[in-house]
Each structure stands twice: as C-alpha cells, then as structure tokens.
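Written below as structure tokens is the structure these notes are about.
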Amino acid sequence: MTANGLSSEQIELQARAFELARGPVAARAAEVDRTEQYPWDNVELLKDARLIGMTIPTRYGGQGKSWLDAVLVIEALSSACAVTGRIAVETNMGAISAVMAYGSEEQKKMAADMVLAGDKPAICITEPDAGSDANAMTTRADKRGNRYVVNGRKHWITGGGVSRLHLIFAKVYDEQGNHEGIGGFLAIRDETQGLKITKREPTMGLRGIPEAVIDFEEMELPPSALVMPPRGLKKGFADLMTAYNSQRVGAATVALGIAQGAYDLALDWSEKRHQFGRPINEFQGLQWKLADMSIKLSAAQSLVYKAAESGRDGFPDMLLAAQAKIFTSENAIQVVNDALQFFGARGYSRELPLERMARDVRMFTIGGGTAEVLRTVVAGALLKKKLPQTRDGWA
Ligand SMILES: Cc1cc2nc3c(=O)[nH]c(=O)nc-3n(C[C@H](O)[C@H](O)[C@H](O)COP(=O)(O)OP(=O)(O)OC[C@H]3O[C@@H](n4cnc5c(N)ncnc54)[C@H](O)[C@@H]3O)c2cc1C
C-alpha cells in the first residue's frame, strides 16, 4: 500500500489508463463530440488494454477487479473524454454487474462474452411517464404459454442503437393477468424481433453515445431471459437495483474525471497566460478559485473512492453511492465552469475542450437518479424511514 492508499497494482493500472487518456483518447475527443459517432476505435483500445470487463470474475474471462480499480480507470479516461469514460462505466458496472450477481450460469457466460468482445450493455428502466418514479413503469411482460410477450416504450436509453445486450425492466403478469412484480429481461438487439430503436435524442453533451427511445412491440422472450434475483420477482427489482449503486459510483467518477481534466487545463493556463505584465495566477481572485476547485475535487474523490470501497464484498452502499453522486456531480459542474472562466473568451470557443466539458458534465445531476431524488435516498437512510419517494426498487 502506498501513501495515497492505492496498491502498486492500482497505481500501475491508473498509469496505463492515463497513458491512453492523454494519448489517443484525448486526440479524438473533440471529433467524437463533433461527429456524434460512437468511438468504436476507443472500444478497441480499451479492449486491447484490458480495461473493459475488468470487474467480471475470472471464471467468466474477466479479471475480478474491484470497483475502486474500475473507478481509477474511469476517472483517468474521463479527464480526456467523458464518452470513453462512460463506456468504461457500462462495461464494468451497471447492467453487466447485475447479470454477474443475479443471472443464471448461461446468462453470465453470454453477457461476459459479449462485454469482453466490446459490447456496452444498455439498461432500460426510464419511460416517458416514469422517470424518477420508476415503479410507475407501464412496459409489461405477459406470460403466454412458454414465453413472455413484452410491450412498452423506454426512453433516454444510453447506447440505444449501438448496444447489443439490453437489460429491460418490465412489469410481469402471469397467464391470468396477475401482476407479479418488476422483472429484468435480457434481450439482444438484432436477434430479438420487436425490439426497435425509434429515435435518437439530440443531447446537450456526451454526444458520442446515443440516447435512444426503444419500443417493444410484441417482443417475445423465453422464460430463460428473465434475470431472477434470489428473493424472487416480488422483491427482485430492489435486488437488481442494488447493482445500480455501482453504476451511480461510476457516473460520479465520470463527473470527477471531467472536472479534474478541466482543472488541470486551468492550472496550466493560469501560468501561461499573462495580463497586466504577470501570469494570471498571481491575482488573488484566481488563486482562491484554484484553491476552492482543488478542495472540491479532493472531497469528491474521497467520497467516490469511499463509496467504491464500500462494495468490497458486493455492491457499493446505497447511502455512500448517493452521497458521492450528489456531491461530485454538483461540484464538478462548478469546477468545470470555473475552469472555463480562466480562459476568458478562449474558454467559450469550440477550439478548446472547456465548452465540451461544460456540456458533458451537466448530465450527472440528472441521469441515474437526480440530485433531488438522491437527497431523499440520503435522508431516508439517515432517518431510517421509508420515505414515499424511496419505495422498494429504485432510488
Ligand atoms: C444522458 C442521460 C442518460 C440516461 N441513461 C439512461 C439509461 O441508460 N437507462 C435508463 O433507464 N434511464 C436513463 N436516463 C434517464 C434518467 O435516469 C432519468 O432522466 C432520471 O431518472 C430522471 O427522470 P426524468 O428525466 O423523467 O425526470 P422527472 O422524474 O420527471 O423529474 C423532473 C424533476 O422533478 C424532480 N423530482 C422528481 N421526483 C422528485 C421527488 N420525489 N422529490 C424531489 N424532486 C423530484 C427531479 O429531480 C427533476 O428535477 C438517462 C438520462 C440522461 C439525461
């Protein structure tokens, strides 16, 4: 263990990720944003460097790495390209981790093989009329004979149109039409009739990953597609959502990485840029800004690492993951905004990465549980009460 609490393997892993981030990933980040094309080249780079599917257990071909290991990689990649950081999140956390924890042997093998081959799974929860209140979802899976028939609409699904493996949440009904709970089903795009990508959202930032509307029209799935958590269907959604705490830590990490990247640029520029005959970092107004930015980054990093570590024997703790995501996402917006200010007019130009970072970082108080709803999660945990907004299964 070294002075900063990381092992020598973790420092080596981090260094490997930074090498990619500062080299080929940084070189393509602006183009990925401008062209709005999913960076398949970066997926290949990550695959070659063994940075995707790291958390998958070794018996399924992964490396059995910890959440903190994944966080170190995501943080480094996101400092150069948030889209690439998100690919690292979703190939190590979220849907893949839910399948690895609760899936059947067959599902685990299939999902692991797909991710290790470069697929970023999609997780389909949100609907036009069921956002923060995910339990209000209307997508349904009706048991008919030896299959389920799924109908409904999801929106804002990250990776819709590029992802192959989908983890789809739907209300499950038996043959008599009785509601049995919310279940998660695995479906593969292009191999499943009735799974249709119907719209790409025009997003503010993170433009290299599509956000899509997905329609399910009489989509037929075998019962073996159902990812069945140990507590069964009734409580299953809550179990499956514990896996989502890893994704929340991942999302916080991308925000942290973006802010760290912006801060580094501002620090560097503050020495290079001269006004009034001296570097601009000789003005106390900017010195204090730098101090505040560094404090926010250190605090956010501590929260993120602590939340990741809490999942040493399972998934990250819900309270710690929520605290980390709220604090990091809100402070990262401020840090990036302050960093942009250091550049004056140049910061507002599309020739520098600051404006892209400001657009990219804005998402993290929204996606994966809004900052408001997550505050309710934190309050519920502190008060040990099930608040109306924290019903089983979601936030
Ligand atoms: C870039 C991006 C990627 C995403 N990726 C995915 C994905 O891959 N899969 C997926 O399923 N979803 C995804 N989402 C959807 C995301 O999880 C939802 O946007 C989020 O849960 C909020 O839902 P909503 O947008 O419907 O907002 P609403 O729920 O309509 O909320 C609107 C406002 O009301 C506030 N609010 C709502 N309820 C409460 C409450 N109880 N207390 C206080 N305030 C409240 C919210 O905080 C917000 O400010 C993504 C979203 C974005 C932006």
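Numbers for residues simply follow the sequence, beginning at 1. Atoms within a ligand are numbered from 1 in the order they appear, just like the ligands themselves.
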Any heavy atom of Lys154 under 4.0 Å from ligand 1? The part involved is neither

Open item on the list: Test of understanding: clusters of I, L, V, M, F, W, Y form through side-chain heavy atoms closer than 4.5 Å, transitively. Do Ile125 and Ile168 belong to the same one?
Closed with: no

- So is Leu206 in contact with ligand 1, going by heavy-atom distances below 4.0 Å? no

### Message
Under a 3.5 Å cutoff, is there a donor and acceptor pairing between the side chains of Thr242 and Asn245?
### Response
no

In terms of its nearest heavy atom to atom 3 (C) of ligand 1, the top option of Glu372, Met204, Glu211 is Glu211

Taking only non-hydrogen atoms of Thr370 and a 4.0 Å limit, the atoms of ligand 1 in range are 22 (C), 46 (C), 47 (O)

Handout entry: Pair Arg362-Thr365, side-chain donor/acceptor within less than 3.5 Å
Key = yes

Parallel, tilted or perpendicular: which one describes the rings of Trp269 and Phe343, with boundaries at 30° and 60°? parallel

To atom 16 (C) of ligand 1, the nearest of Thr126, Val373, Leu374 on a heavy-atom basis is Thr126

*asked:* Please check whether Thr376 reaches ligand 1 - meaning an N/O of the residue sits under 3.5 Å from an N/O of the ligand, judged on distance alone.
replied: no

Atom 24 (P) of ligand 1: of Gly159, Ala130, Gly131, the nearest heavy atom sits on Gly131

- Six-ring centre of Phe342, Arg273 cation under 6.0 angstrom, axis tolerance 45°: no

ask   = When only distance counts, is Ser132 in polar contact with ligand 1, meaning an N/O pair under 3.5 Å?
value = yes

Using only heavy-atom distances, determine whether the side chains of Glu217 and Asn151 contain a donor-acceptor pair under 3.5 Å. no

For Gly368, the ligand 1 atoms with a heavy-atom partner under 4.0 Å come out as 16 (C), 17 (O)

Looking only at heavy atoms, the pair that brings Gln323 and Leu303 closest together is O-CD1, 4.2 Å

